[in-house]
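Below you'll find the structure I mean.
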Amino acid sequence: MKTRILFVCLGNICRSPAAEGIMHRIVERRGLSGTFGIDSAGTYGGHRGELPDPRMRSAASRRGYALTHRSRQVREEDFDRFDMIVAMDDMNYESLNRLAPSREAARKIFRMAEFCRRHPDRTYVPDPYYEGHEGFELVLDMLEDGCEGILELSLIHISEPTRP
């Protein structure tokens, strides 16, 4: 059974497609590609169909990540399709909670910062859109950290025996 993860930011052109690309690469390196379904989306649909921001693609490429995702907006049916919906900041978290069709669906929503171990002082992944090079590098550092945390948690959950 696959663990399906949806990463969400505002426009789906910086943080969430980078998280998607990083997570794909991490699970691929560990030989776990068939165990995970990974996607990304935005709470805002104005960039629908666009590739990630060129600055994010460039920064990610320097680390070996190819970001080829085309932007899309979160849909209500995503709550049925995914086991985890990971928001990059509080605004996205609140938007997702408003969109959730039920309390059960809302329990699938997490903040990316919850999974970061090397950035305990950060409560959200900042939007690098209006930042310089350093902003994109910080975001990639945090996403690598958070994706590793998600993978560790997922592997623990997957390996737990089911109870009768």
Determine whether R122 and M142 make a side-chain contact, defined as any pair of heavy atoms from C-beta on separated by less than 4.5 Å.
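The answer is yes; the side chains approach within 4.5 Å.
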
Can any side-chain N or O of S154 pair as donor or acceptor with the backbone N or O of I150 at less than 3.5 Å?
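Yes.
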
Step by step, would you call D90 with R111 a side chain to side chain contact (heavy atoms under 4.5 Å, CB included)?
CA-CA 8 Å; D90 288 340; R111 290 174 174 88; 2.8 Å; yes

Can you measure from CG (L32) to CE (M23) and round to the nearest 0.5 angstrom?
9.0 Å

Over all heavy atoms of both residues, which pair between R15 and P126 is shortest? Give the atoms and the distance, please.
CD-O, 3.2 Å

May I ask you to check whether Y44 and H47 place their ring centres under 6.0 Å from each other?
yes

From CG (D83) to NZ (K108), nearest 0.5 Å:
6.0 Å

Chi angles and distances behind the side chain to side chain contact (heavy atoms under 4.5 Å, CB included) call for N12, F7
CA-CA 9 Å; N12 193 214; F7 294 103; over 6 Å; no

Which ILVMFWY residues can you reach from V8 by hopping between side chains whose heavy atoms are under 4.5 Å apart?
L6, V74, F79, F82, I85, Y93, L96, L99, I109

Connected via hydrophobic side-chain network under 4.5 Å: V86 and Y124:
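No, separate clusters.
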
Among the clusters formed by ILVMFWY side chains lying less than 4.5 Å apart, do M84 and F36 turn up in the same one?
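Same cluster.
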
Quick one: does S16's side chain have a donor or acceptor within less than 3.5 Å of a partner on G42's backbone?
no

Answer yes if I13 and M56 sit in the same cluster of Ile, Leu, Val, Met, Phe, Trp and Tyr residues linked by side chain heavy atoms under 4.5 Å apart, and no otherwise.
no

Within the supplied structure, the quantity of interest is the number of heavy atoms (other residues, nucleotides, ligands) at a distance under 6.0 Å from E77 CD; does it exceed 12?
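It does: E77 CD has more than 12 such atoms within range.
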
Give the C-alpha distance, both sets of side-chain angles, the deciding distance and a yes or no for side chain to side chain contact (heavy atoms under 4.5 Å, CB included) between R55 and Y129.
CA-CA 9 Å; R55 297 165 297 168; Y129 190 81; 3.5 Å; yes

How long is the span from the OG atom in S71 to the CG atom in L10, to the nearest 0.5 Å?
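So the gap between those two atoms works out to 9.5 Å.
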
Quick check: closest heavy atoms across C14 and P128, and the distance to 0.1 Å?
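Of all heavy-atom pairs spanning C14 and P128, the closest is CB-CG, 4.0 Å.
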
Within a strict 4.5 Å, meaning less than it, do heavy atoms of the L51 and L67 side chains meet?
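Side-chain contact under 4.5 Å: no.
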
What is the distance from atom CD of E76 to atom OG of S102, rounded to the nearest 0.5 Å?
9.0 Å

What closest approach, in Å, do I38 and H24 show between heavy atoms, and which atom pair accounts for it?
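Here I38 and H24 meet closest at O-NE2, 3.5 Å.
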
Under a 4.5 Å cut-off applied to non-hydrogen side-chain atoms, are V27 and T35 in contact?
no

Under 3.5 Å donor-acceptor, E94 side chain and M91 backbone
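It does not hold such a pair.
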
Run R117 and D145 through side chain to side chain contact (heavy atoms under 4.5 Å, CB included) and show every step you take.
CA-CA 7 Å; R117 298 170 315 269; D145 184 15; 3.9 Å; yes

On a heavy-atom basis, which atom in A41 and which in Q73 lie closest, and how many Å separate them?
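Between these two residues, the closest heavy atoms are CB-C, 4.1 Å.
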
Side-chain heavy atoms under 4.5 angstrom apart, residues restricted to Ile, Leu, Val, Met, Phe, Trp, Tyr: same cluster for L151 and M112?
yes

Are the side chain of E20 and the backbone N or O of D39 linked by a donor-acceptor pair below 3.5 Å?
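Such a contact is absent between E20 side chain and D39 backbone.
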
Atom OG1 in T43, atom CZ in R98: separation rounded to 0.5 Å?
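Those atoms lie 9.0 Å apart.
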
Any donor-acceptor N or O pair under 3.5 Å, side chains S61, R57:
no

Measure the shortest side-chain to side-chain distance between E131 and L138 over non-hydrogen atoms and say whether it is less than 4.5 angstrom.
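No, every pair of side-chain atoms sits at 4.5 Å or beyond.
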
Who are the salt bridge (Lys or Arg N to Asp or Glu O under 4.0 Å) partners of R63, not counting sequence neighbours?
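With neighbours one apart ignored, the set is E137, D141, E144.
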
Can you name the nearest heavy-atom pair linking A19 to C147, along with the distance?
O-SG, 3.7 Å

Return yes if some donor-acceptor pair links the side-chain N/O of D89 with the main-chain N/O of V125 below 3.5 Å, else return no.
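Between the backbone of V125 and the side chain of D89 there is no qualifying donor-acceptor contact (under 3.5 Å).
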
Who pairs with D78 by salt bridge (Lys or Arg N to Asp or Glu O under 4.0 Å), at least two apart in sequence or on another chain?
R72, R81

Heavy-atom closest contact (L140 atom, A60 atom, distance):
CD1-N, 3.7 Å

